[in-house]
There are 2 protein chains.
Amino acid sequence: MKKIDILKKLRSSRLRPTKQRVEIAKFLFEREKTFHFTVESLNKLLIKKLASKIALATIYNTVHAFKTAGHLSEVEVRGNKTYFDTNVSNHHHFYDSENAELIDIDANDIVIQKIPKAPNGKKIKNVEVFINLKN
Amino acid sequence: MKKIDILKKLRSSRLRPTKQRVEIAKFLFEREKTFHFTVESLNKLLIKKLASKIALATIYNTVHAFKTAGHLSEVEVRGNKTYFDTNVSNHHHFYDSENAELIDIDANDIVIQKIPKAPNGKKIKNVEVFINLKN
DNA sequence: TTTTCACTTTAGAATAATTATAAACTAGAA
DNA sequence: TTCTAGTTTATAATTATTCTAAAGTGAAAA
């Protein structure tokens, strides 16, 4: 993803392309593969990568702004920290608890044959499959 | 579940049947239906139910001891709090985010036709399906 | 350009969930 | 009954996250 596209992405979601947002966006979206992270891990990686450091609060703000804008998705993982994913399409996850690592599974690689109907006036919003791994 | 069975359950997992553990176990396991809770909600319910109150740290200790012993399972739910479930068999969940409520789905009510194979030397430990609900 | 102001960033305080500590208590073996 | 390892408890500490309020900045308007 080019810098110009980063700027477009930010502007299209009514987020001013500040220095910090552009740097974080470049770090997150200029990748081939999807990227999974927690705010803590992202912060550490940004400290390594960037000359000037970005305030932790800004990283929280920015990640949430990106999530709200639909540029990041939040992944439910048992435990204390919140995981985010640059893959915002409908997909699933392997979770390797030994390395606290998420691995994407394409939506087409899982086919569900039978599913219960939603209870009392509710509808199904989405179905997430989470496959825990062991050695 | 009778009191005698509560005592058995505790002893069989090498947990001394202290007053607090017995009370918490009775509250959790003397039920027809499965019960979902957070430590916070359990604490509130126990305060209502019991004359003497149990220290919050003890509730954390006990819930974790029960989980380690296999009497409770932990459910992955996005968000800050940890949910527990008295249903320890293999099963799935609906999640109604509006009421922050979990609803059990029997393992037999979901059939997965196609599943990817585990990556690099890993094996599949278990598969959890999580169905988010909306109105 | 310069001005202006709503939007942002920031450091640090505040909050919330959970875990650690260490002293007092207790179940159950001897 | 005595003794001891296991347990409970109040409280402090830790961890993740959010809040606050002051200083900074993009970009529209003058």
Side-chain angles (χ1 to χ4, degrees), chain A residues 3-4 6-27 36-47 50-69 71-72 74-84 100, chain B residues 3-4 6-27 36-47 50-69 71-72 74-84 100:
Chain A
K3 170 143 193 190
I4 191 92
I6 295 280
L7 294 180
K8 264 189 205 164
K9 175 172 262 195
L10 291 176
R11 280 191 221 282
S12 71
S13 17
R14 289 192 221 81
L15 293 170
R16 284 189 187 169
T18 63
K19 187 162 152 286
Q20 293 84 344
R21 283 177 179 163
V22 172
E23 276 176 340
I24 295 173
K26 284 175 73 179
F27 186 78
H36 299 103
F37 63 94
T38 63
V39 169
E40 189 200 18
S41 71
L42 176 59
N43 185 223
K44 281 185 184 161
L45 292 168
L46 287 173
I47 287 172
L50 305 177
S52 59
K53 85 158 191 292
I54 300 177
L56 188 58
T58 301
I59 298 178
Y60 273 99
N61 288 342
T62 303
V63 165
H64 282 127
F66 287 177
K67 186 198 159 192
T68 300
H71 305 317
L72 288 174
E74 191 179 330
V75 185
E76 64 193 39
V77 177
R78 238 191 297 275
N80 37 344
K81 282 181 206 150
T82 304
Y83 281 73
F84 294 92
Chain B
K3 170 145 192 188
I4 188 92
I6 294 280
L7 294 180
K8 264 190 205 165
K9 175 172 262 196
L10 291 176
R11 281 192 220 282
S12 72
S13 17
R14 289 190 222 82
L15 294 169
R16 284 189 187 171
T18 63
K19 186 162 152 284
Q20 293 84 345
R21 283 178 179 160
V22 172
E23 276 175 340
I24 296 174
K26 284 175 72 178
F27 187 79
H36 299 104
F37 63 95
T38 64
V39 169
E40 189 199 19
S41 71
L42 176 59
N43 185 222
K44 280 185 185 160
L45 292 168
L46 287 173
I47 287 172
L50 304 176
S52 59
K53 86 156 188 296
I54 299 177
L56 188 58
T58 301
I59 297 177
Y60 274 100
N61 288 343
T62 303
V63 165
H64 281 126
F66 287 178
K67 186 199 159 193
T68 301
H71 304 317
L72 290 173
E74 192 179 330
V75 186
E76 66 193 38
V77 178
R78 239 190 296 273
N80 35 349
K81 282 179 205 152
T82 305
Y83 282 73
F84 294 92

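Because the structure is predicted, anything quoted here is derived from the model rather than measured. Just so we're on the same page: letters track the sequence lines, and every chain starts at 1.
- Residues passing the side-chain contact (heavy atoms from CB on, under 4.5 Å) test with B:Lys81 are B:Thr38, B:Glu40, sequence neighbours excluded.
- Annotation: ring-ring contact (aromatic ring centres under 6.0 Å, His included) contacts of A:Phe37 (sequence neighbours excluded): A:Phe35, A:Phe84.
- With sequence neighbours excluded, no residue satisfies ring-ring contact (aromatic ring centres under 6.0 Å, His included) with B:His71.
- To the nearest 0.5 Å, the span separating CD1 on B:Ile59 from NZ on B:Lys44 amounts to 12.0 Å.
- Remark: A:Lys67 engages A:Glu74 in a side chain to side chain donor-acceptor pair (under 3.5 Å) (not counting sequence neighbours).
- A 4.0 Å heavy-atom criterion places the boundary nucleotides of DNA chain D facing chain B at D:dA5 to D:dA10, written 5' to 3'.
- One can place NZ of B:Lys19 at 14 Å from P of C:dC25, the figure rounded to the nearest angstrom.
- The separation between A:Ile47 atom CD1 and C:dT10 atom P is 12 Å, rounded to whole Å.
- Both A:Lys53 and B:His64 lie close to DNA chain C; mapped to their nearest nucleotides by heavy-atom distance, the more 5′-ward contact belongs to A:Lys53.
- Along DNA chain C, the nucleotide closest to B:Ala57 and the one closest to B:Thr18 are compared, and the more 5′ of them pairs with B:Ala57.
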Please tabulate, for the side chains in residues 14-21 of chain B, all donor-acceptor contacts under 3.5 angstrom to protein atoms that are two or more places apart in sequence or on a different chain.
unit_1: B:Thr18; atom_1: OG1; unit_2: B:Arg21; atom_2: N; d: 3.2
unit_1: B:Arg21; atom_1: NH1; unit_2: B:Arg16; atom_2: O; d: 3.2

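- If you take CG of B:Leu56 and P of C:dT21, they are 18 Å apart, rounded to a whole angstrom.
- With sequence neighbours excluded, no residue forms a side-chain contact (heavy atoms from CB on, under 4.5 Å) with A:Asn61.
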Could you run down the sub-3.5 Å N/O contacts of the protein with nucleotides 1-7 of chain C?
unit_1: C:dC7; atom_1: O4'; unit_2: A:Arg16; atom_2: NH2; d: 3.4

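- Going from atom CG of A:Leu50 over to atom P of C:dT9 covers 14 Å, rounded to whole Å.
- Using a 4.0 Å heavy-atom criterion, one finds that B:Thr82 contacts the sugar-phosphate atoms exclusively.
- The distance from atom CD1 of A:Ile59 to atom P of C:dT10 is 9 Å, rounded to the nearest whole Å.
- To the nearest 0.5 Å, atoms CG (A:Leu45) and CD1 (A:Ile24) are separated by 12.0 Å.
- The separation between A:Asn43 atom CG and C:dA11 atom P is 11 Å, rounded to whole Å.
- Close to C:dT10, at under 4.0 Å from its OP1 or OP2, lies a side-chain N or O of A:Gln20.
- For B:Ala100, the side-chain contact (heavy atoms from CB on, under 4.5 Å) test picks out B:Tyr83, B:Tyr95, with sequence neighbours left out.
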